[in-house]
Amino acid sequence: MKRMRDDDACPGALQVHQAADGALARVRLPGGMITAAQLEALAHVATEFGNGTLELTARGNLQLRAVRDTAVVAEAVAAAGLLPSPTHERVRNIVASPLSGRVGGLADVRSWVAELDAALQADPDLARLPGRFLFGIDDGRGDISGLGADVGAHVLDEGVTLLLAGRDTGIRLPPGDVVTALATVARRFVTIRGKAWRIAELNDPSALVSDFPATASAGATYPPVPRPPVGWIAQEDGRVTLGAAIPLGVLAARQAEFVAAIDAPVVITPWRSLLICELTEAVADTSLRVLAPMGLVFDENSPWLDVSACVGSPGCDKSLADVRAEATRVATGDVDGPAGGHVHYVGCERACGSPPAGRVLVATAEGFYERKPGVVG
């Protein structure tokens, strides 16, 4: 894709987007990790200065819509500890295996997330990364590498493989070199990118790693994981994580307050779901009984897991339809949707928020048509 502008306009907590329904602020959560107190603070801000909801994004971040006072919201986000670097806030785009360190995987990569986040903030040059540049850290289970992050690390039985645009470079790293390698690639991208916003837009991405020795075959990719971990998840330490799908990724502030009241670590996943972690069985049972009637989805067979949508009308002035209403009608069985796999409804050709796998239905004045695979809006 040929870019006409040097820089993207991805919103942050300081550089907001003016949508049809008002200002939109996006809060980066490296690895999707957020404390109960931070979630409660955002829920309060959404109630007082937004539309009363928090939107979960496909990168494990949170958004506030219809913000009425952007300065006050930015101050509240900073006070909650969610804006550690005003100069680097839009570049802290890190997705990581959400269950890492608790269930499965070959390594606990949570410390790498924190170390990479600190390395990004410490480098003035990396403040110039586009807001769409994405880091991915997969603990070996293969849930994150299929997202096609610009630069990623995937844990293997021996060592860690370096990925560019979701593709194995053949480069194997010792665990202690992972964060340095990811930051180095990002720094080189800033230098050579021209108008490119993503590594996949470069003519020769291999130039970013030309001095890294490749010791294995290159070119392998990982399939996207279409569904989040949902339900009662037994941790390896005997505690419990609850996985909750959030219909269309829209979490009401009141729901968020109840989640925060559990006073447990929360992880926002790239599937617009959340994990409530480190629970005793008794607390997990009580929490599930309270949250399920409020609309959080703990059933892995729920049709809500197979449908998503962009914001659509009236929140976006480019949208030709209320796509969330259409997706809701399909999920609730009021109308028949297309059979087979995940379906994402979008209001225009930009196809915002489209997952890496599944079908994308684009609104027109006459209805919806299915976008061909591989087409970029």
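- With rounding to the nearest 0.5 Å, the separation of CZ in Arg92 from CG in Asp117 is 4.0 Å.
- Of the possible donor and acceptor atoms, one in the side chain of Arg193 sits under 3.5 Å from a partner among the backbone N and O of Ala196.
- Each of Ile144, Val113, Asp143 was scored for a side chain to side chain contact (heavy atoms under 4.5 Å, CB included) with Val95, with one residue passing: Ile144.
- Considering all non-hydrogen atoms of both residues, Ala76 and Val45 come closest at CB-CG2, 3.4 Å.
- Residues Thr269 and Pro228 come closest through the heavy atom pair OG1-CB, 4.4 Å.
- Within the 4.5 Å cutoff, side-chain heavy atoms of Val267 are placed close to those of Cys277.
- Contact detail for Ala43 and Glu257: the closest heavy-atom pair is CB-CG, 3.8 Å.
- Using a 4.5 Å heavy-atom threshold, the side chains of Leu24 and Val16 count as separate.
- A 6.0 Å sphere centred on CD of Gln18 holds more than 12 heavy atoms belonging to other residues, nucleotides or ligands.
- Between Arg90 and Asp8, the closest side-chain pair of non-hydrogen atoms falls below 4.5 Å.
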Q. Which is it for His344 and Ser308 under the side chain to side chain donor-acceptor pair (under 3.5 Å) test, yes or no, and what are the steps along the way?
A. CA-CA 5 Å; His344 184 68; Ser308 58; 2.6 Å; yes
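- Side-chain atoms of Cys310 and Val323, non-hydrogen and from C-beta on, do get closer than 4.5 Å to each other.
- Considering all non-hydrogen atoms of both residues, Val91 and Ala127 come closest at CG1-O, 4.0 Å.
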Q: Determine, step by step, whether Leu279 and Arg239 satisfy the side-chain contact (heavy atoms from CB on, under 4.5 Å) criterion, reporting the C-alpha distance in whole Å, the side-chain angles of both residues, the deciding distance to 0.1 Å, and the verdict.
A: CA-CA 5 Å; Leu279 307 177; Arg239 290 179 174 261; 5.9 Å; no
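- Atoms CZ and CG, on Phe298 and Leu291 in that order, are 4.5 Å from each other to the nearest 0.5 Å.
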Q) Can Glu55 and Arg272 be said to form a salt bridge (Lys or Arg N to Asp or Glu O under 4.0 Å), step by step? A) CA-CA 8 Å; Glu55 290 185 343; Arg272 295 185 175 92; over 6 Å; no
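- A side-chain donor-acceptor contact under 3.5 Å links Trp271 to the backbone of Val225.
- Both Val179 and Leu126 are part of a single hydrophobic cluster, where members link through side-chain heavy atoms under 4.5 Å apart.
- By the criterion of side-chain heavy atoms lying less than 4.5 angstrom apart, applied directly or through intervening Ile, Leu, Val, Met, Phe, Trp or Tyr residues, Phe212 is grouped together with Leu202 in one hydrophobic cluster.
- The backbone N or O of Leu106 sits nowhere less than 3.5 Å from a side-chain atom of Arg141 that would complete a donor-acceptor pair.
- Counting heavy atoms of neighbouring residues, nucleotides and ligands inside a 6.0 Å radius, atom CD of Gln235 exceeds 12 of them.
- Through chains of ILVMFWY side-chain contacts below 4.5 Å, Leu156 is grouped with Leu163, Tyr222.
- Side-chain contact between Val346 and Leu361 is absent, with no heavy atoms from C-beta onward closer than 4.5 Å.
- To the nearest 0.5 Å, the span separating CG on Leu56 from CG on Leu62 amounts to 5.5 Å.
- No donor-acceptor pair closer than 3.5 Å links the side chain of Arg359 to the backbone N or O of Val343.
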Q | Intermediate values then yes/no, side-chain contact (heavy atoms from CB on, under 4.5 Å), Val155 and Trp112 | A | CA-CA 12 Å; Val155 179; Trp112 294 355; 3.8 Å; yes
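- In the hydrophobic cluster analysis, where Ile, Leu, Val, Met, Phe, Trp and Tyr join through side-chain heavy atoms closer than 4.5 angstrom, Val297 is grouped apart from Met294.
- Between the Ser100 side chain and the Asp138 main chain, no donor and acceptor come within less than 3.5 Å of each other.
- Counting only heavy atoms from C-beta outward, the side chains of Val290 and Phe258 approach each other to under 4.5 Å.
- Counting all heavy atoms, side chain and backbone alike, Arg371 lies closest to Ala351 at NH1-CB, 3.1 Å.
- Between Asp21 and Arg65 a salt bridge is recorded (basic side-chain N to carboxylate O distance below 4.0 Å).
- Atom CG of residue Leu82 and atom CD of residue Gln38 lie 4.0 Å apart, to the nearest 0.5 angstrom.
- Remark: Asp211 engages Arg188 in a salt bridge, criterion side-chain N to carboxylate O under 4.0 Å.
- Looking at Gln255, its side chain does come within 3.5 Å of a backbone N or O of Ala252 through a donor-acceptor pair.
- Within the model, atoms CG of Leu54 and CG of Asn61 stand 12.5 Å from one another, a figure rounded to the nearest 0.5 Å.
- Looking at Leu208 and Val151, their side chains never come closer than 4.5 Å, going by heavy atoms from C-beta outward.
- Two different hydrophobic clusters hold Ile34 and Leu120 under the rule that ILVMFWY side chains link at heavy-atom gaps under 4.5 Å.
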Q: Go through the steps to decide whether Leu14 and Leu83 satisfy the test side-chain contact (heavy atoms from CB on, under 4.5 Å), and finish with yes or no.
A: CA-CA 9 Å; Leu14 300 176; Leu83 189 58; 3.9 Å; yes
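- Every side chain to side chain contact (heavy atoms under 4.5 Å, CB included) that Cys316 has, sequence neighbours left out, goes to Val311, Lys318, Ser319, Arg350.
- In the hydrophobic cluster analysis, where Ile, Leu, Val, Met, Phe, Trp and Tyr join through side-chain heavy atoms closer than 4.5 angstrom, Leu147 is grouped apart from Leu129.
- Salt-bridge formation is detected for the pair Asp306/Arg227: a Lys NZ or Arg NE/NH1/NH2 atom is positioned less than 4.0 Å from an Asp or Glu carboxylate oxygen.
- Two residues are said to be in side-chain contact when any heavy atoms from C-beta on lie closer than 4.5 Å; Val72 and Glu48 fail this criterion.
- Put simply, the side chain of Arg128 never gets that close to the backbone of Thr191: no donor and acceptor are under 3.5 Å apart.
- Between the CZ atom in Arg28 and the CD1 atom in Ile94 there is a gap of 11.5 Å [rounded to 0.5 Å].
- Taking every heavy atom of both residues into account, Leu162 and Val209 meet most closely at CD2-CG1, 3.7 Å.
- Annotation: Asp336, atom CG; neighbour count of heavy atoms from other residues, nucleotides and ligands within 6.0 Å does not exceed 12.
- At least one donor-acceptor pair closer than 3.5 Å links the side chain of Glu201 to the backbone N or O of Trp197.
- Panel note: side chain His88, backbone Ala122; no donor-acceptor pair is recorded below 3.5 Å.
- Other residues, nucleotides and ligands contribute more than 12 heavy atoms inside 6.0 Å of the CG atom of Asp237.
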Q: For side-chain contact (heavy atoms from CB on, under 4.5 Å), just list the numbers for Val240 and Trp232, CA-CA rounded to whole Å, side-chain angles, deciding distance to a tenth of an Å, and then say yes or no.
A: CA-CA 7 Å; Val240 175; Trp232 184 285; 3.6 Å; yes
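- Remark: side-chain polar atoms of Glu300 are not paired, donor with acceptor, to backbone N or O of Pro229 under 3.5 angstrom.
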